[in-house]
**Q** 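First the structure, which I've put down as structure tokens, then a few questions once you've had a look.
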Amino acid sequence: MHVAPARGTAVQDHVALAEIELCGDLIIAASAAREDRLSPDRIDEVLKVAEERYPHQQPNPHPH
């Protein structure tokens, strides 16, 4: 496949690229899951929600 060279400066939408990457992460996690659906907790884990909310807190390796 041949792609024509870009003219001038390329503009990238970094937010859109980040969202695409997150969707890819979810697709990979869903395809590897044994259950039919990902649990809300698993989705948060894949999307690293806790890391965004509490960036300086270490995850608990032994949750209740």
Side-chain angles (χ1 to χ4, degrees):
M1 181 169 110
H2 181 270
V3 178
R7 295 182 190 149
T9 59
V11 177
Q12 293 184 356
D13 185 338
H14 297 286
V15 173
L17 292 174
E19 289 178 356
I20 291 167
E21 184 176 351
L22 292 172
C23 287
D25 292 344
L26 284 172
I27 291 167
I28 291 167
S31 66
R34 292 185 180 158
E35 56 276 344
D36 288 338
R37 297 175 185 259
L38 294 178
S39 70
D41 288 338
R42 178 67 179 128
I43 292 170
D44 287 350
E45 180 183 340
V46 170
L47 298 179
K48 301 176 180 147
V49 172
E51 292 175 21
E52 289 293 320
R53 289 185 185 160
Y54 311 105
H56 301 293
Q57 183 177 1
Q58 294 294 325
N60 184 355
H62 306 289
H64 301 342

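Heavy atoms only: backbone and side chains are in, while hydrogens, waters and symmetry mates are out. Since this is a predicted model, take the numbers as computed values, not measurements.
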**Q** Out of D41, L26, L22, which residue meets the side chain to side chain contact (heavy atoms under 4.5 Å, CB included) rule with V46?
**A**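 It is L26, the one option of D41, L26, L22 that forms the side chain to side chain contact (heavy atoms under 4.5 Å, CB included) with V46.
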
**Q** For the atom pair CG (L47) and CG (D25), what is the distance rounded to the nearest 0.5 Å?
**A** 7.5 Å

**Q** Tell me, yes or no, whether the heavy-atom count around E21 atom CD, taken from other residues, nucleotides or ligands under 6.0 Å, exceeds 12.
**A** no

**Q** Holding to salt bridge (Lys or Arg N to Asp or Glu O under 4.0 Å), I want the full list of residues that pass it with E45, two or more places apart in sequence or in another chain.
**A**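 Here the qualifying residues are R42.
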
**Q** Looking at SG of C23 and CD1 of I28, how far apart are the two atoms once the value is rounded to the nearest 0.5 Å?
**A** 11.5 Å

**Q** Once rounded to the nearest 0.5 Å, what's the spacing between atom CD1 of I27 and atom CD1 of I20?
**A**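 Between atom CD1 of I27 and atom CD1 of I20 there are 10.5 Å.
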
